[in-house]
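Take a look at the structure set out below.
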Amino acid sequence: MSLKIYNTLTSRLEEFVPIDPPKVSIYTCGVTVYDDSHVGHARSLIVFDCLRRYLEHLGYRVLFVRNFTDIDDKIINRSKEENTHFMNISNRYIASYYQDMEELNIKPADVEPRVSEHIPEIISVIQKLIDLDYAYEANGDVYFKVRKFNSYGKLSCKDPEELQAGARIEPSENKKDPLDFALWKSAKAGEPSFDSPWGPGRPGWHTECVAMIFKHLGESIDIHGGGLDLTFPHHENEIAQAEAITNKPFARYWVHNGLVTVNGQKMSKSLGNFITIKEVLSKYDPDVLRLLVLFTHYRSPLDFSWDKMEESKRAYRRIKDAIEGLSQLRALEKTKDQEVGLLQLLEKTRQDFFSALSEDFNTPEALGAIFNLVSAMNKVKTESIQRGNISENTLKEYSECVNFLEKTLRGVFGLFEKQGKERQLSQREELGFIELLISARESARSSKDYKTADLIRDGLRSLGIALEDTPLGTRWQRV
RNA sequence: GGCAACGUGGCCGAGCGGUUAGGCGAGGGACUGCAAAUCCCUUUUACGGCGGUUCAAAUCCGCCCGUUGCCUCCA
C-alpha cells in the first residue's frame, strides 16, 4: 500500500517514495538534556515511533537516527547552578530519558549520537562552509551567511527581507548581518569548551544535526522530522548549511508534528506549564498516553488535560476488554451454529485501518475503524455469554479478530506490548492474595452475606483492583 | 507588525464537493444481590459569521471575527 505524507517543504501531501527503496532513512531532532522530558517530547517520540513502525510494516528497512544535544547554554547554566561538570547534567538526563523511552515503549533509534562525541565532524562541516565562503569567523565565533544562500526560507515560507524587518534579534556585534546564525560559539571564561581552528568554543545549535546526518545517513535522507516549533529557525538553518555544501536536497520529506498545549497554550519549559512524562506515567499506563496521542492527527495541536487522560483510559479499556473477552468465550459451551460474519467486518476494518494510515498517517481515523470492530466483538461477546454458549465458527472468527487487534496495534502502534512484562513483574504472592480474597468473597456471596462481599470488593478497589462479576465467575483487573 | 495554521454536536476529534466516522460524557433499558464491564435505545436540522461558485459545500473562493504557533532556546 502506498503512503501519502504531508511535506512541510512543499506544503502539500506527497506520495512517499524513498531515495533507495526498500531502505528508508529517518532523522529526528532529539532532546536537549538539561531536564526531564515532558508530554510535548513524548508526543513527538510516539508519533515518530509509530510512523517508523508503520513504514517497517509496509516492508521498508528503516534506519533511524535521533540525536542528543548534550552541550548548550541551558546545560551549562544548570551545571553552574549545581557546580558540576556539564557532562554530569547531560548524563543524568539522558538516563532519565532512556527510562521514559523504555516505559513508553519507544523503539530505540539505530544510532543515538551525542553532540559532544561529534565535535570533529561538526568542525569539518563548519570548515567546509568557510572554504565555500558561506561562513566567516569573527572573534572566535563562526557565522553562516544567510543571505548568500538564496533559497533561505523555503521550508518555513519566510522571506529574509521580512524576517529582518520583524526580527527581535539582539544586536550582536560580531555578526555582519543580523540574519546570520552561529555555527561556532567562542567560550566565555569558565565555560566548558572544545578546541577548534577558531579557538576554544562549542557548536551552534544547528550544525550538529547536519554533521550527524552526513556521518550516519549520508548527504540526502528520506525523512527529517521533529516538532513543528523546530521548523524555524532550526530546520531552515540545517537546510542552508547542508545544501550549501552538497548542492543536493538535504531531506526529501520534512515531517513535523503538532505541539502539545495546555489550556490552549504551548507546553514549554519557559512558560512553566509542562507536565513531565514521569508524572503522567506515575498515574497512568503508558499505553493510555500513547492512545491519547494517536487519537489526534499528528499535525494538529493536542491540548493535554487530565480529563483527556481519563477518556483515553476508558477507551483503552474498551479495546482491552474486547481482546480479553476471548478467554471468557473459550470457557463457554460450543455449538455448531453458523458464523456471525465478524470476518467480513474484520476484512473491512483491516482495509479501513491501513487506508487511513496511508493518507497522511491518519491515526484517529484508523482508530475509528478499530473501534467499529471492537464494538462488534463486544456485541458478540455479550450475546454469547448471556446465551451461555458460542458456536465454534464464531469463536474462531472472534479469535481472528483478537489476533488482528493484537498484531496490528502492537506492531504499528506499539500498544499492548508491555502486558507480558507487567505480568512477569507482578509478585506471585500478590496474585495469590487477590485470588484468595476473590474466593472468600464468592463464599460470602453464595451465603448472601453481601456486606462482607462488598467490603472485599470496595477494599480491593481502593487498592487499585477492580472486580467484575460475570456469569463465568469473577474477573479482576488493575485500574 | 510579518508569515503560517486552525475554528465541527455536551466535551474531544476524523471527514475536505453529494452516502453512519470514532471516543468520552448524559438520560432510559437489558444483565447483576447491588455494582462494574458489556449490549440496546435516546442525546431529534454539528460544522465561527457574512457573501460567492455549484444541481449540490462542513468540504472550493472572498471578506470579516476569534484562537494558536513561528519570527529568541524549545519536540
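Letters A, B, ... mirror the listed sequences (proteins, then strands); counts begin at 1.
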With a 4.0 Å cutoff (strictly under), does any side-chain N or O of [X] reach OP1 or OP2 of [N]?
X: Asn378(A); N: C39(B); result: yes
X: Ser312(A); N: C12(B); result: no
X: Arg318(A); N: G23(B); result: yes
X: Asn372(A); N: A21(B); result: no
X: Arg299(A); N: G69(B); result: no
X: Lys266(A); N: C70(B); result: yes

Contact class for [X] vs. all strands (heavy atom < 4.0 Å): base, sugar-phosphate, or nothing?
X: Val47(A); answer: nothing
X: Ala466(A); answer: nothing
X: Arg461(A); answer: nothing
X: Gly226(A); answer: sugar-phosphate
X: Asp321(A); answer: sugar-phosphate
X: Thr231(A); answer: nothing
X: Lys308(A); answer: sugar-phosphate
X: Arg78(A); answer: nothing
X: Asn362(A); answer: sugar-phosphate
X: Leu228(A); answer: nothing
X: Ser300(A); answer: sugar-phosphate
X: His297(A); answer: sugar-phosphate
X: Gly30(A); answer: sugar-phosphate
X: Ile370(A); answer: nothing

Using the side-chain heavy atoms of [X], tell me which of these nucleotides is nearest: [options].
X: Cys29(A); options: A75(B), A35(B), G25(B); result: A75(B)
X: Thr296(A); options: G69(B), A14(B), C39(B); result: A14(B)
X: Glu311(A); options: C39(B), C34(B), C24(B); result: C24(B)
X: Pro233(A); options: C71(B), G33(B), A30(B); result: C71(B)

Distance check, [atom1] atoms only: [N] and [M], in whole angstrom units.
N: A56(B); M: G18(B); atom1: C1'; result: 6 Å
N: G49(B); M: C65(B); atom1: C1'; result: 7 Å
N: A58(B); M: G7(B); atom1: C1'; result: 11 Å
N: G17(B); M: A26(B); atom1: P; result: 36 Å

Kindly say whether, by distance alone, the side chain of [X] makes a donor-acceptor pair under 3.5 Å with the base of [N]?
X: Asp469(A); N: C34(B); answer: yes
X: Glu365(A); N: G15(B); answer: no
X: Lys158(A); N: C70(B); answer: yes
X: Asp159(A); N: G2(B); answer: no

Can Phe371(A) be said to stack with the base of G22(B), given centres closer than 5.5 angstrom and planes under 30 degrees apart?
->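 No; centroid distance or tilt outside limits.
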Would [X] and [Y] count as a close aromatic pair, with their ring centres under 6.0 Å?
X: Tyr143(A); Y: Phe181(A); result: no
X: Tyr316(A); Y: Phe416(A); result: yes
X: His224(A); Y: Tyr253(A); result: no
X: His235(A); Y: His256(A); result: yes

Starting at atom [atom1] of [X], determine the distance to atom [atom2] of [N], rounded to an integer number of angstrom.
X: Phe361(A); N: G15(B); atom1: CZ; atom2: P; result: 14 Å
X: Ile71(A); N: C73(B); atom1: CD1; atom2: C1'; result: 14 Å
X: Leu472(A); N: U32(B); atom1: CG; atom2: C1'; result: 14 Å
X: His224(A); N: A75(B); atom1: NE2; atom2: C1'; result: 12 Å
X: Glu468(A); N: A35(B); atom1: CD; atom2: C1'; result: 10 Å
X: Arg387(A); N: C31(B); atom1: CZ; atom2: C1'; result: 15 Å

Taking Leu3(A) as the fixed residue, which of Leu357(A), Asp360(A), Leu55(A) is the one that meets the side chain to side chain contact (heavy atoms under 4.5 Å, CB included) rule?
->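 Going through Leu357(A), Asp360(A), Leu55(A) one by one, the side chain to side chain contact (heavy atoms under 4.5 Å, CB included) with Leu3(A) is satisfied by Leu55(A) alone.
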Within 45° cone of Tyr27(A) ring axis and under 6.0 Å: Arg66(A) NZ or CZ |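 Relative to the ring axis of Tyr27(A), which defines the angle, Arg66(A) lies outside at least one limit.
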Identify whether NZ of Lys or CZ of Arg in Lys107(A) sits under 6.0 Å from the centre of the six-membered ring of Phe64(A) and within 45° of that ring's axis.
->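 No.
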Base-pair map of RNA chain B as dot-bracket, where | denotes pairing with a different strand and pairs are Watson-Crick or G-U under 3.5 Å | (((((((..(((.....[...)))((((((.......))))))....(((((..]....))))))))))))....
For Gln344(A), look at atom CD and say whether over 12 heavy atoms of other residues, nucleotides or ligands are found less than 6.0 Å away.
->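 Counting neighbours around CD of Gln344(A), 12 or fewer heavy atoms of other residues, nucleotides or ligands fall under 6.0 Å, so no.
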Side chains of Ser37(A) and Asp100(A): do they bring a donor and an acceptor to under 3.5 Å?
->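 There is no such pair (donor and acceptor under 3.5 Å, judged by atom type) between the side chains of Ser37(A) and Asp100(A).
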Interatomic spacing from CE in Met309(A) to CZ in Arg314(A) - rounded to 0.5 Å |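 Reported to 0.5 Å precision, the distance equals 12.5 Å.
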